[in-house]
Amino acid sequence: MKDEWIILNAGEAEIGRIKEDSRLLALLRRFLSSLIPQTYNVEINGSTVTTFKQNFNSFVTKINVDFSTDPSHTLDRRFGLAASILLCAIDGKQSS
């Protein structure tokens with residue numbers, strides 16, 4: 001029920017995942033649409049390195065990207081920003 005994406009390296013081996021925060025909230029979001037903001041955790045090698053949090057706004061999709069849990073730059077910041085933009089685009093398609 002919750003969204004999840006696999007992160008692959010150049011050799012197409014899995015190195016991490018982008019996961020929606022909880023099954024219960026994901027299920028509620030499916031029925032209440034944008035009333036409950038989404039949160040995604042980016043996990044690399046089993047540890048959370050980045051969090052994407054959607055702001056509640058029924059007109060514009062905005063996501064806050066928090067890299068503070070990744071001081072060693074395990075996740076490339078450009079990849080993190082690109083993934084957050086992709087999540088906004090996917091969310092926009094699902095809402096229409």
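Residues: numbered from 1 along the sequence shown. FYI, side chains are in, hydrogens and waters are out, and symmetry mates aren't considered; it's all heavy atoms of this structure.
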*Asks:* Look up atom OG1 in Thr69 and atom CG in Asn41, then write down how far apart they are to the nearest 0.5 Å.
*Replies:*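 So the OG1 of Thr69 and the CG of Asn41 are separated by 8.5 Å.
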*Asks:* Which ILVMFWY residues can you reach from Ile6 by hopping between side chains whose heavy atoms are under 4.5 Å apart?
*Replies:* Leu8
*Asks:* Taking side chain to side chain contact (heavy atoms under 4.5 Å, CB included) as the test, write out the residues that go with Ser68, two or more places apart.
*Replies:*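 Per chain and number, Ser68 pairs via side chain to side chain contact (heavy atoms under 4.5 Å, CB included) with Asp66.
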*Asks:* Tell me the closest heavy-atom pair linking Tyr40 and Leu87, and the distance in Å.
*Replies:*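 What the structure gives for the nearest pair is CD1-CD1, 3.6 Å.
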*Asks:* Grab the two heavy atoms, one from Ile18 and one from Ala83, that are nearest each other, plus how far apart they are.
*Replies:*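 What the structure gives for the nearest pair is CD1-CB, 3.9 Å.
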*Asks:* Indicate every side-chain donor-acceptor pair of residues 42-49 with a distance under 3.5 Å to a residue at least two apart or in another chain.
*Replies:*
residue, atom, partner, partner atom, Å
Glu43, OE1, Lys19, NZ, 3.4
Ser47, OG, Ile44, O, 3.3

*Asks:* Gly80 and Leu75: which non-hydrogen atoms are nearest, and at how many Å?
*Replies:*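 Taking every non-hydrogen atom into account, CA-CD2, 4.1 Å.
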*Asks:* Give the C-alpha distance, both sets of side-chain angles, the deciding distance and a yes or no for side-chain contact (heavy atoms from CB on, under 4.5 Å) between Ile7 and Phe79.
*Replies:* CA-CA 10 Å; Ile7 301 171; Phe79 179 84; 3.9 Å; yes
*Asks:* Testing the basics here: between Ile63 and Ser84, what is the closest heavy-atom pair and its distance to 0.1 Å?
*Replies:*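 Ile63 and Ser84 have their closest heavy atoms at CD1-O, 3.8 Å.
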*Asks:* Indicate yes or no: does Asp70 engage Arg77 in a salt bridge with an N to O separation below 4.0 Å.
*Replies:* yes
*Asks:* Under the rule for side chain to side chain donor-acceptor pair (under 3.5 Å), what residues qualify as partners of Glu14, not counting sequence neighbours?
*Replies:*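 Result, side chain to side chain donor-acceptor pair (under 3.5 Å) vs Glu14: Arg17.
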*Asks:* Could you list the residues that satisfy side chain to side chain donor-acceptor pair (under 3.5 Å) with Asp76, not counting sequence neighbours?
*Replies:* Arg78
*Asks:* Return the CG to CG distance between Asp21 and Asp3, rounded to the nearest 0.5 Å.
*Replies:* 10.5 Å
